[in-house]
Number of protein chains: 2
Amino acid sequence: MGVKAINIPLEFAVLDRLIHDPTRLTLISLLFVVESADFVFLKTQTNLTAGNISSHMTKLENAGYVMVKKRFVGKRPQTMFRLTAKGRRAFDKYRNILSDALSGLPE
Amino acid sequence: MGVKAINIPLEFAVLDRLIHDPTRLTLISLLFVVESADFVFLKTQTNLTAGNISSHMTKLENAGYVMVKKRFVGKRPQTMFRLTAKGRRAFDKYRNILSDALSGLPE
DNA sequence: ACAAACTAGTTTGCACTACAAACTATATAT
DNA sequence: ATATATAGTTTGTAGTGCAAACTAGTTTGT
């Protein structure tokens with residue numbers, strides 16, 4: 001028979017690409033822990049450029065993972081972000097798949 | 001002072017992109033556990049197309065993460081892949097960064 | 001009052017990437 | 001001979017991430 005049958009359940013393939021990108025992983029994780037954050041907070045906590053944050057958050061918004069509320073604080077525009085229930089579920093699922101896959105490896 | 005200073009160490013940004021891609025993550029993980037595998041094995045264990053595997057493995061080879069040995073088995077070509085020491089180190093580091101970052105999150 | 005510098009973002013352009021389809025080359029079956 | 005299968009590689013294309021450039025407004029300096 002030669003080689004024994006091997007079955008390694010590597011579920012990396014089904015990881016949500018929208019979450020998996022490192023930049024969005026950072027942004028989503030931040031939103032996950034702080035519940036709600038504005039643009040400036042995201043910018044100072046990360047080392048991302050404004051443009052980068054903007055386009056990624058738009059992508060997350062279009063996916064329905066993030067809610068956006070714009071208002072003025074004093075005279076300045078402020079953009080607030082918050083994970084939606086859908087976004088939270090997607091992130092939970094992502095984490096579970098990833099940590100399961102990682103823990104399935106030896107060592 | 002308003003809001004307390006928050007410092008969340010999210011190290012996702014430094015993840016090795018070469019490893020982070022889900023397809024390569026799958027391929028590298030496979031090599032990590034089986035030590036050495038041929039093209040056909042990688043193809044049957046994953047649901048990837050041959051072209052996809054080919055280009056990803058070339059990328060990993062160029063990065064010095066994977067060694068390739070070609071030979072004939074009977075009359076058929078066989079391409080064997082194996083993680084290099086460098087590749088193994090990179091993968092170990094990747095796993096550590098990722099699991100640390102994940103475990104830093106609440107819940 | 002006017003300009004320069006700063007704040008808060010969005011849009012654009014480019015270089016790179018992943019993916020499957022198409023291809024090469026050889027072997028086997030009919 | 002022709003068709004089908006195996007073992008891959010190369011090519012073409014659509015999509016992506018990123019910073020630079022831009023928009024719109026505010027504050028500061030003189």
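Order of the sequence lines fixes the chain letters, A, B, ..., with proteins taken first and strands second; residue numbering starts at 1 for each chain.
Residues Gly51(A) and Arg24(A) each lie close to DNA chain D; by heavy-atom proximity, the contact nearer the 5' end of the strand is made by Arg24(A).
In this structure, of dT10(C), dA18(C), dG17(D), it is dG17(D) that holds the atom nearest to the side chain of Arg17(B). Counting only heavy atoms from C-beta on, Lys70(B) has its side chain closest to dG8(D) among dG8(D), dT27(D), dG9(C). Counting only heavy atoms from C-beta on, Lys59(A) has its side chain closest to dG17(D) among dG17(D), dT9(D), dG9(C). In the set dT26(D), dG17(D), dC19(C), the nucleotide with an atom closest to the side chain of Lys75(A) is dT26(D). Residue Asp21(B) places its side chain closer to dA18(C) than to any other of dA18(C), dT16(D), dT10(C). Ranking dG8(D), dC18(D), dT9(D) by closeness to the Val40(B) side chain, first place goes to dG8(D). For Thr49(B), the side-chain atoms get nearest to dA20(C) when compared with the rest of dG17(D), dT27(D), dA20(C). Closest to the side chain of Phe39(A), from the set dA8(C), dT9(D), dG9(C), is dG9(C).
Between Arg76(A) atom CZ and dG25(D) atom P the separation is 14 Å, expressed in whole Å. The CZ-P distance, from Phe72(A) to dA24(D), rounds to 13 Å in whole Å. Put simply, CG on Asn62(A) is 12 Å from P on dT10(C), counting in whole angstrom units. Atom-to-atom, NZ of Lys43(B) to P of dG8(D) comes out at 11 Å; the value is rounded to the nearest Å. The distance between atom NE2 of His20(A) and atom P of dG17(D), rounded to the nearest whole Å, is 11 Å. Atom-to-atom, NE2 of His56(B) to C1' of dA20(C) comes out at 11 Å; the value is rounded to the nearest Å. Rounded to a whole Å, the CD atom of Glu61(B) is 11 Å from the P atom of dT10(D). Atom-to-atom, CE of Met57(B) to C1' of dA7(D) comes out at 15 Å; the value is rounded to the nearest Å.
Across all strands shown, Thr58(A) has no heavy atoms under 4.0 Å from either base or sugar-phosphate atoms. In this structure, Thr79(B) reaches the sugar-phosphate backbone alone: every heavy-atom distance under 4.0 Å involves primed, P, OP1 or OP2 atoms, never a base.
Side-chain contact check for Lys70(B) versus Met80(B): every heavy-atom pair is 4.5 Å or farther apart. Between Lys69(A) and Thr79(A), every side-chain heavy-atom pair lies at or beyond the 4.5 Å cut-off. Side chains of Leu60(B) and Phe81(B) form no contact here, defined as non-hydrogen atoms less than 4.5 Å apart.
Residue Val66(A) is grouped with residue Leu48(A) when hydrophobic side chains (ILVMFWY) are merged at heavy-atom distances under 4.5 angstrom, including chains of intermediate members.
For the OP1/OP2 pair of dA18(C) and a distance below 4.0 Å, the side-chain nitrogens and oxygens of Ser55(B) include no atom meeting the criterion. Phosphate contact (OP1/OP2 of dA20(C), side-chain N/O of Asn52(B), threshold under 4.0 Å): present.
Nucleotide dT30(C) is matched to dA1(D) when pairs are restricted to Watson-Crick or G-U wobble geometry with both distances under 3.5 angstrom. Pair assignment for dT12(C): dA19(D), on the basis of Watson-Crick or G-U wobble contacts that are both within less than 3.5 Å.
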* To do: Decide yes or no on side-chain contact (heavy atoms from CB on, under 4.5 Å) for Val34(A) and Phe41(A), but give the supporting numbers first.
  => CA-CA 10 Å; Val34(A) 303; Phe41(A) 176 81; 4.1 Å; yes
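Ring orientation note: the planes of Phe91(A) and Phe32(A) are tilted relative to one another, at an angle of 30° to 60°.
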